[in-house]
Number of protein chains: 2
Amino acid sequence: MDNQRTQAIKRHSFRETTCQSCTLRSLCLPLSLTTKNLEKLDSIIARGRPFEKGEMLFRQGESFGSLFALRSGCVKTYSVTDSGEEQITGFYLPGELVGLSGIDTDIFPVNAIAIETTTVCEIPYPKFEGLTDEIPELKRQLISSLSKTIRRDMQMMLLLSQKDAEARIANFLLDLSTRIERRGYSADFIYLAMSRNEIANYLGLAVETVSRIFSRLQKAQAINVNGRAVDILDVAALTKAAGSCLFNEKKDSREEIPSVNTG
Amino acid sequence: MDNQRTQAIKRHSFRETTCQSCTLRSLCLPLSLTTKNLEKLDSIIARGRPFEKGEMLFRQGESFGSLFALRSGCVKTYSVTDSGEEQITGFYLPGELVGLSGIDTDIFPVNAIAIETTTVCEIPYPKFEGLTDEIPELKRQLISSLSKTIRRDMQMMLLLSQKDAEARIANFLLDLSTRIERRGYSADFIYLAMSRNEIANYLGLAVETVSRIFSRLQKAQAINVNGRAVDILDVAALTKAAGSCLFNEKKDSREEIPSVNTG
DNA sequence: ACAGGCACCTGATCTATGTCAAAAAAATAG
DNA sequence: CTATTTTTTTGACATAGATCAGGTGCCTGT
């Protein structure tokens with residue numbers, strides 16, 4: 001069930017106990033902080049036991065208190081409408097920040113749940129906010145994360161409002177590929193932490209459609225699917241299937257992005 | 001062409017020359033600043049001549065330098081993909097902030113264009129950022145705007161990925177209604193600053209569909225349409241057509257929201 | 001006032017994708 | 001290991017909404 005990659009992610013992260021020694025530092029909030037400021041940040045961070053698959057980091061409606069930086073694993077955020085439908089608003093990988101959408105309210109507007117065993121750094125927001133007064137660089141970092149999330153969301157809206165099923169899925173796969181590559185893994189292999197159902201919900205499609213498109217892309221030799229293991233065989237073909245993207249997206253995707261998706 | 005409402009908006013705003021005397025203060029960044037801090041903010045703001053319909057506040061790819069707070073009129077933001085398709089990412093009303101999505105890059109990721117005569121307060125970002133160091137309340141205000149934008153975007157994603165054409169349009173109208181009501185006008189009458197085409201693009205629909213749904217809602221006595229003038233006859237029916245919404249949306253929508261939509 | 005061009009509306013098709021149904025494969029429980 | 005449930009795949013069919021086509025009215029500039 002756990003493949004090499006997830007094993008590796010777990011192994012490399014469990015030992016880390018400070019931001020300074022964390023291999024995700026360059027992807028996360030600490031990016032470009034001085035050693036001294038790193039220590040300050042470190043001192044407010046809480047690192048608890050791992051969340052098992054299915055455990056919730058926080059719930060929609062619960063009082064907002066902390067941001068969460070992922071150290072390992074994978075988290076999804078979703079909202080529930082008043083009639084009970086769920087809408088997944090994002091999947092998060094190590095180094096990414098979960099909880100940004102709750103910052104200015106007293107409550108979280110989404111649920112966050114671990115979809116595989118996950119370790120996090122919990123960042124109590126009131127303390128963190130205090131730190132941003134002392135450390136302008138940290139403030140800039142937070143604002144930057146928020147702004148990047150907004151740009152991501154724009155991209156997602158473009159996807160949902162103009163692209164067909166195949167393009168949505170191609171984009172989804174390429175996005176994951178880029179993100180795991182940035183974390184030091186091969187861009188050509190993805191182990192999906194989420195079910196077809198979750199992918200469908202996230203992309204605004206029916207499960208059956210997701211399944212069919214996976215099959216179609218496999219038949220076209222663009223990918224090789226084996227349950228949740230996906231090999232990318234032909235990036236060019238996938239990119240073509242993904243269709244046009246926003247200007248500067250490529251450039252953008254090469255930057256370090258501390259936070260992505262909505263949550 | 002210009003109806004009573006837009007005339008009124010223009011009239012009441014043109015005279016304002018300081019944040020202190022601005023009637024939009026409670027909807028905008030100044031919210032909850034002390035008089036002294038208000039003056040500081042005021043001193044960095046530039047107020048130029050109005051943008052005529054069709055004039056651009058800034059262009060995608062242009063270097064990011066300022067945020068823009070609308071004083072009157074209406075602005076749309078849109079991105080262009082590398083193959084030339086346009087995607088409208090937001091419509092902005094007086095009191096709302098345009099440009100947030102460019103904050104952490106050196107370039108604007110979207111175009112912003114006035115879709116009717118529009119006056120703005122230009123807020124040079126480097127200076128503004130400096131002010132956020134001095135005025136934690138202003139920093140909080142900015143972070144709050146960003147976070148609210150993210151929640152809005154989530155809502156939009158839900159709309160695009162789960163709702164049918166009728167629900168999208170009902171939501172769109174109710175959203176506009178709420179926003180203009182918050183600005184002191186009747187919630188029952190909307191003068192649309194944007195064309196059917198722009199509505200269609202924004203909502204991920206074909207123009208013809210928008211037109212048909214308008215007709216259908218009119219036939220159902222929920223609204224009365226006369227070109228760009230829309231009377232809301234039956235809020236309950238519209239709300240029902242809009243379908244389920246995210247928990248807490250109602251509560252949320254009653255807060256003062258300095259910025260909305262992506263841009 | 002008139003011509004040209006948009007913006008908007010409405011009807012007739014066509015199609016991508018949703019829905020329903022059922023089987024195969026994989027995960028989980030016992 | 002076997003039974004049961006859940007996830008995934010595939011096929012057949014239905015449908016919302018896109019596309020195509022045409023018509024009307026409105027605004028613009030001359």
- What is the distance, rounded to the nearest whole Å, between atom CZ of B:R168 and atom P of D:dG17? 7 Å
- Phosphate-side-chain proximity, B:T209 and D:dG17, N/O vs OP1/OP2 below 4.0 Å: no
- Spacing between A:R196 atom CZ and D:dT8 atom P, to the nearest angstrom: 6 Å
- Message: What verdict does the side chain to side chain contact (heavy atoms under 4.5 Å, CB included) test give for A:N111 and A:T77, after you've listed the backbone C-alpha separation in whole Å, the side-chain angles of each residue and the deciding distance to 0.1 Å?
- Response: CA-CA 5 Å; A:N111 297 288; A:T77 52; over 6 Å; no
- Taking atom P of C:dA27 as reference, at what distance in whole Å does atom CG of A:L192 sit? 13 Å
- Message: Do the side chains of B:R168 and B:D164 get close enough for a salt bridge, i.e. N-O under 4.0 angstrom?
- Response: no
- Query: Rounded to whole angstrom units, what separation is found between the NZ atom of B:K163 and the P atom of C:dT17?
  - Reply: 21 Å
- Does A:S215 make a side-chain N or O approach to OP1 or OP2 of D:dT10 shorter than 4.0 Å? yes
- Message: Output the rounded distance in Å from NZ (B:K53) to C1' (D:dC27).
- Response: 10 Å
- Base, sugar-phosphate alone, or nothing: which one does A:R228 contact when heavy atoms must sit under 4.0 Å apart? sugar-phosphate
- Identify, between B:S211 and A:A165, the residue whose nearest nucleotide on DNA chain C lies closer to the 5' end. B:S211
- Message: Ring centroids only, cut at 6.0 angstrom: are B:F68 and B:Y92 within range, meaning strictly under it?
- Response: no
- Closest-nucleotide ordering on DNA chain C, the 5'-leading residue of B:S195 and A:R216: B:S195
- Here the distance between atom C1' of C:dA7 and atom CG of B:N226, to the nearest Å, is 14 Å
- Which heavy-atom pair separates A:L24 from A:R71 by the least distance, and what is that distance? CD1-O, 3.3 Å
- Task: Using atom CG of B:D164 as one end and atom C1' of D:dA14 as the other, report the distance to the nearest whole Å.
- Result: 16 Å
- Task: Starting at atom CD of B:E208, determine the distance to atom P of C:dC6, rounded to an integer number of angstrom.
- Result: 17 Å
